[in-house]
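Here is the structure we will look at, set down as structure tokens.
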Amino acid sequence: MVWRQIQRWVCEGKRYVNFLKSNHLSYARISSLIHKPTFKPTIDLSILEFHLNKCQHINQFNQILSQMLLTGFIRETYAASRLIKFSTHFPFIHIDYTRRIFNFIENTNCFMWNMMIRAYIQTNSPHFAFTLYKSMLSNYLGADNYTYPLLIQACSIRRSEWEAKQVHNHVLKLGFDSDVYVRNTLINCFSVCSNMTDARRVFDENSILDSVSWNSILAGYVQIGNVEEAKHIYHQMPERSIIASNSMIVLFGIKGLVVEACKLFDAMLEKDMVTWSALIACFQQNEMFEEAIRTFVGMHKIGVMVDEVVAEMQMSGFKPDEATLVSVISACARLAALEQGKWVHAYIKKNGLTINVILGTTLIDMYMKCGCVETALEVFYGMIEKGVSTWNALILGLAMNGLVESSLDMFSNMKKCHVTPNEITFVGVLGACRHMGLVDEGQHHFHSMIHDHKIQPNVKHYGCMVDLLGRAGKLQEAEELLNRMPMTPDVATWGALLGACKKHGDSEMGKRVGRKLIELQPDHDGFHVLLSNIYASKGKWDDVLEIRGMMTKHRVLKIPGCSMIEANGVIHEFLAGDKTHPNMDAIEDMLVEMAMKLKLEGYTPDTNEVLLDVDEEEKESTLFRHSEKLAIAFGLINISPPTPIRIMKNLRICNDCHTAAKLISKAFCRKIVVRDRHRFHHFEQGFCSCKDYW
DNA sequence: GGGTATTAAT
């Protein structure tokens with residue numbers, strides 16, 4: 001009987017569907033319907049619920065709705081509650097439509113209001129939660145203990161500490177502070193707003209706490225980076241979840257407490273994906289790239305067998321996901337470990353992982369930093385979704401590799417694709433101009449950045465401009481700009497000017513700038529060396545000695561030049577003057593051969609660069625033991641053509657090595673790629689991609 | 001009938 005009745009309703013409802021749609025539930029029409037004489041329905045609520053649950057389409061919902069309006073069944077508070085509940089749960093019903101239905105309901109109760117508040121929060125309109133709350137109160141309906149967690153959640157989303165405090169006052173006045181949900185959402189909300197004083201106040205009131213309370217307060221301390229309190233909470237927690245431990249690893253990582261992160265990692269009995277990823281990220285962020293890669297390698301038992309990590313990981317058997325790989329690839333990029341990076345790329349393909357925006361961007365960055373422009377471009381064109389960072393990696397990468405024109409072209413393409421450039425984009429664009437000495441173009445972009453894109457230049461942008469002007473020989477303008485910048489110039493900017501003085505032989509300005517720099521950062525090795533080189537190039541050995549004396553006094557150690565080269569998946573390191581490599585004999589022979597061929601190509605050593613006050617012959621031999629020359633010799637022996645010899649150097653390549661590398665590329669018919677501190681040099685057939693402007 | 005928190009990456 002009942003079944004038939006509701007089925008009949010549903011059928012008849014069809015007639016009203018169009019009516020409802022075309023009239024947008026006009027109030028007059030609907031109230032006339034509602035005020036029709038009604039028959040008292042004796043429908044079981046569970047049957048209504050059953051039919052609501054079956055709704056797949058707005059029309060079906062409307063059939064039920066119209067019957068409820070028609071018969072007055074909507075006046076039953078419980079029936080109306082069900083209707084609102086379902087209406088807010090159906091993805092195909094717009095919140096405004098639900099709101100209109102809600103407005104017709106005369107006998108609302110707390111439950112319905114709460115459902116509406118929840119619906120607004122879930123549709124990204126948390127501010128309506130407060131509007132509703134206010135009208136709720138003005139309708140003489142008291143809020144209940146279910147209302148407050150919702151309101152507080154709305155505060156969290158809006159990061160509105162001020163609103164949270166007001167809600168908190170209401171909570172205290174009405175005595176809802178004993179409800180654990182209310183307390184937890186309050187703790188979380190204050191934590192999210194970084195207001196740990198109030199979060200802690202709620203937490204410390206002697207009342208029942210559960211794991212949510214503990215996790216929320218911990219998350220708060222992790223977020224503001226308070227290691228002490230976080231540790232304290234973590235140790236006192238009645239039950240430590242994996243998530244809590246993972247958060248601690250992350251916190252240690254950010255704070256550079258690698259040892260503590262490792263300790264905690266080792267102590268964890270249960271680990272998950274995030275645990276491993278967080279540890280790898282921790283190594284990566286703290287410049288421990290070898291460890292990052294090693295951890296990853298151990299993680300799924302591949303490649304070279306490495307130490308104790310493997311044993312443990314073999315038991316764990318986690319498969320790395322996209323987030324893990326991002327950290328690993330970043331580490332490869334920093335090490336210029338191309339082979340390892342390629343391996344990871346192949347791993348991604350083999351395991352069918354998606355190259356998402358972040359992963360793709362990281363891959364581009366890695367290939368660019370390894371000097372593999374083509375592969376980087378392949379990745380770029382293969383990506384479906386590209387973000388600003390993706391374009392930035394491309395623009396910066398191309399510029400770094402000396403492809404300045406392509407870099408600037410990509411900048412135009414980016415704008416054509418309606419991607420809004422950001423600060424970093426302009427670091428890339430200005431950097432590109434700097435690499436080729438495009439003064440006018442650089443100034444144009446600098447201007448456009450401020451006026452067209454409304455981006456205030458930061459210290460890096462100014463640094464670029466000072467460098468651009470300085471290198472181009474416009475020393476006066478560079479110094480003026482440096483004095484004019486609205487912020488205090490950083491050491492790098494002064495350094496750029498000093499470099500320019502050195503390059504253009506302005507020893508007067510050089511001395512001024514150099515002394516200023518040493519004053520600013522007495523323990524920096526590069527500036528002492530540069531200034532001392534300026535004096536040395538003028539033959540002023542007394543001044544050189546003075547600088548050396550200052551270095552001793554300030555305990556400045558000259559960071560030795562170091563070059564790395566990867567052969568057969570192993571990274572070899574050479575220091576200047578190094579004689580410790582196991583293949584030293586072969587390398588010595590190759591050095592002799594190199595010297596011979598170079599002489600034939602007309603090479604004369606550029607001894608200006610040598611800091612020491614020694615005779616020419618000794619200078620020459622010092623020059624010939626620069627780390628990049630050792631690495632090149634090693635590469636010539638161990639890497640067979642046509643594979644390029646790829647070298648990474650910690651400092652900038654010196655003039656002499658640059659000339660030598662060009663000639664070697666010709667004499668030995670080899671491609672040589674050197675990544676120095678700033679950029680790439682692709683040597684081929686006697687020329688360098690930087691066109692000798694660097 | 002309905003309400004809370006939580007971890008990894010460019």
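Naming convention: chains lettered A, B, ... in sequence-line order (proteins, then strands); numbering from 1 in each chain.
Considering only the side chain of A/Phe111, B/dG1 comes nearest among B/dG1, B/dT4, B/dT10. Comparing B/dT10, B/dG1, B/dT4 against the side chain of A/Gln153 picks out B/dT4 as the nearest. Distance from the side chain of A/Tyr181 is smallest to B/dT4 among B/dT10, B/dT4, B/dG1. Among the nucleotides B/dA9, B/dG1, B/dG2, the one closest to any side-chain atom of A/Ala281 is B/dA9.
A/Gln285 comes within contact range of the sugar-phosphate backbone alone, with a heavy-atom separation under 4.0 Å but no base atom that close. Nucleic acid contact class of A/Ser389 (heavy atoms, under 4.0 Å, all strands): base. Among the heavy atoms of the strands lying under 4.0 Å from A/Val274 is at least one base atom, whether or not backbone atoms are also near.
When the P atom of B/dT7 is taken as reference, atom CE of A/Met273 falls 16 Å away, rounded to whole Å. Computed from coordinates, the A/Tyr148 OH to B/dG3 P distance equals 18 Å when rounded to whole Å. Rounded to whole Å, the distance from CE on A/Met368 to C1' on B/dT10 is 14 Å.
Side-chain N/O atoms of A/Thr147 and A/Trp113 include no donor and acceptor closer than 3.5 Å. Of the N and O atoms on the side chains of A/Asp365 and A/Thr362, not one donor lies less than 3.5 Å from an acceptor on the other residue.
A donor-acceptor pair under 3.5 Å is formed between the side chain of A/Asp210 and the backbone N or O of A/Ser213.
In this structure, A/Tyr146 does not count as stacked on the base of B/dG3 under the 5.5 Å centre distance and 30° plane angle limits. In this structure, the aromatic ring of A/Tyr78 is positioned over the six-membered ring of the base of B/dG1, centres within 5.5 Å and planes within 30°.
Within 3.5 Å, a donor on the side chain of A/Asp179 pairs with an acceptor on the base of B/dG3, or the reverse.
Between A/Leu398 and the options A/Leu394, A/Asn401, A/Leu396, a side chain to side chain contact (heavy atoms under 4.5 Å, CB included) holds for only A/Leu394.
The side-chain hydrogen bond (donor to acceptor under 3.5 Å, both in side chains) check on A/Glu339 picks up nothing, with sequence neighbours excluded.
Under the 4.0 Å criterion applied to side-chain N and carboxylate O atoms, A/Lys165 and A/Glu161 are assigned as salt-bridge partners.
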Which atom pairs, donor and acceptor, lie under 3.5 Å between side-chain atoms of residues 126-137 of chain A and protein residues at least two apart or in another chain?
from     : atom 1 : to       : atom 2 : distance (Å)
A/Thr131 : OG1    : A/His127 : O      : 3.3
A/Tyr133 : OH     : A/Tyr148 : OH     : 2.7
A/Tyr133 : OH     : A/His170 : ND1    : 2.7
A/Ser135 : OG     : A/Thr131 : O      : 3.0
A/Ser135 : OG     : A/Leu132 : O      : 3.2

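The stretch residues 212-228 of chain A touches DNA chain B through A/Val212, A/Asn215, A/Ser216, each having a heavy atom within less than 4.0 Å of the strand.
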